[in-house]
Amino acid sequence: QVQLVESGGGLVQAGGSLRLSCVASGRTISNYPMGWFRQAPGKEREFVVVISRNSLSISYADSVKGRFTISRDNAKNTMYLQMNSLKPEDTAVYYCAAREGISGVVSPSRYDYWGQGTQVTVSS
């Protein structure tokens, strides 16, 4: 089993940038496809971006394509999300997640391990 801890959230003005980190413990993340998801108040948790074990396959939600960049450093057991050109609609709690099995899965319900989340607030 893997434990995940996110950090790097905060308050930023529209157009600004943040970098989220997700540090894993318990097992090496090289075993898992992973992803970033977010949940805004009153909304369901949604897919942001997912990445395969070796980083060769990445899928972004249309809403963040061209603005967000995911990466992972398996040697450091850490995954990142670089968020640029932030918009107020990006405001949410951001979660990192890992799953057993195949990569490319975007449904949050199919992820097995979750962090506690980090708040990102973008002011207009």
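Everything numeric in this text was worked out from a predicted model, so none of it was measured.
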query = Going by the angle between their ring planes, with limits at 30° and 60°, are Phe68 and Tyr94 parallel, tilted or perpendicular?
reply = tilted
message = Suppose we call two aromatic rings close when their centres sit under 6.0 Å apart. Are Tyr95 and Tyr111 close by that rule?
response = no
ask   = Is there side-chain contact between Val50 and Phe37, with at least one heavy-atom pair below 4.5 Å?
value = yes
message = Quick one, Met83 with Arg67, criterion side-chain contact (heavy atoms from CB on, under 4.5 Å). Give me CA distance, side-chain angles, the key distance, then yes/no.
response = CA-CA 6 Å; Met83 304 187 296; Arg67 300 188 297 121; over 6 Å; no
message = For residues Val49 and Val23: do they belong to one hydrophobic cluster (side chain heavy atoms under 4.5 Å, members Ile, Leu, Val, Met, Phe, Trp, Tyr)?
response = no
Donor-acceptor pair, side chain of Asn77 and main chain of Gly26, under 3.5 angstrom = no
request  = May I ask you to say whether Lys65 pairs ionically with Asp62, meaning some side-chain N is under 4.0 Å from a carboxylate O?
outcome  = yes
query = Between Val122 and Gln13, is any pair of side-chain heavy atoms under 4.5 Å apart?
reply = no
request  = Mind checking the OG-CD spacing from Ser71 to Gln82? Nearest 0.5 Å is all I need.
outcome  = 8.5 Å
request  = Work out which heavy atom in Pro33 is nearest to a heavy atom in Gly101; give both atom names and the distance.
outcome  = CG-O, 3.3 Å
inquiry  = Could you check whether any side-chain N or O of Thr91 sits under 3.5 Å from a backbone N or O of Thr121, counting only pairs where one atom can act as donor and the other as acceptor?
reply    = no
message = Pair Lys76, Ser21 - check side-chain contact (heavy atoms from CB on, under 4.5 Å), show working.
response = CA-CA 11 Å; Lys76 294 183 178 179; Ser21 298; over 6 Å; no
task = Could you tell me whether the side chain of Met34 reaches within less than 4.5 Å of the side chain of Cys22, counting heavy atoms only?
result = yes
message = Do Val120 and Leu18 make a side-chain contact, defined as non-hydrogen atoms from C-beta onward lying under 4.5 Å apart?
response = yes
ask   = Can you tell if the side chain of Thr69 reaches within under 4.5 Å of the side chain of Tyr60, non-hydrogen atoms only?
value = yes
message = Tell me whether Arg99 contacts the main-chain N or O of Arg110 through its side chain, where contact means a donor paired with an acceptor under 3.5 Å.
response = yes
request  = Identify the heavy atoms of Gly117 and Val93 that sit nearest to each other, and give their distance.
outcome  = CA-CG1, 3.8 Å
key: Side chain to side chain, Leu4 and Gln116, heavy atoms closer than 4.5 Å   = no
Test: Arg53 cationic atom under 6.0 Å from Tyr32 six-membered ring centre, within 45° of axis = no
ask   = Rounded to the nearest 0.5 Å, what separation is found between the CG atom of Asp90 and the OG atom of Ser63?
value = 7.0 Å
inquiry  = Test of understanding: clusters of I, L, V, M, F, W, Y form through side-chain heavy atoms closer than 4.5 Å, transitively. Do Leu81 and Met79 belong to the same one?
reply    = yes
query = Which atom names give the shortest non-hydrogen contact between Val64 and Arg38, and what distance separates them?
reply = CG1-NH1, 3.9 Å
key: Donor-acceptor side-chain pairing of Thr78 and Asp73 below 3.5 angstrom   = no
remark   = Of Arg45, Glu6, Gln3, the one forming a side-chain contact (heavy atoms from CB on, under 4.5 Å) with Trp114 is Arg45
request  = Would you check if the side chain of Ser103 reaches a backbone N or O of Ser52 as a donor-acceptor pair within less than 3.5 Å?
outcome  = no
request  = Give a yes-or-no answer on whether the side chains of Glu100 and Tyr113 include a donor-acceptor pair shorter than 3.5 Å.
outcome  = yes
request  = Would you mind reporting whether Glu46 and Gln39 have side-chain heavy atoms less than 4.5 Å apart?
outcome  = no
remark   = Nearest heavy-atom contact between Ala24 and Ile29 is CB-CG2, 3.2 Å
ask   = Is Ile58 reachable from Val48 through a run of hydrophobic residues whose side-chain heavy atoms are each under 4.5 Å from the next?
value = yes
task = Please examine the side chains of Tyr80 and Leu20, heavy atoms only from C-beta on, and report whether any two atoms are closer than 4.5 Å.
result = no
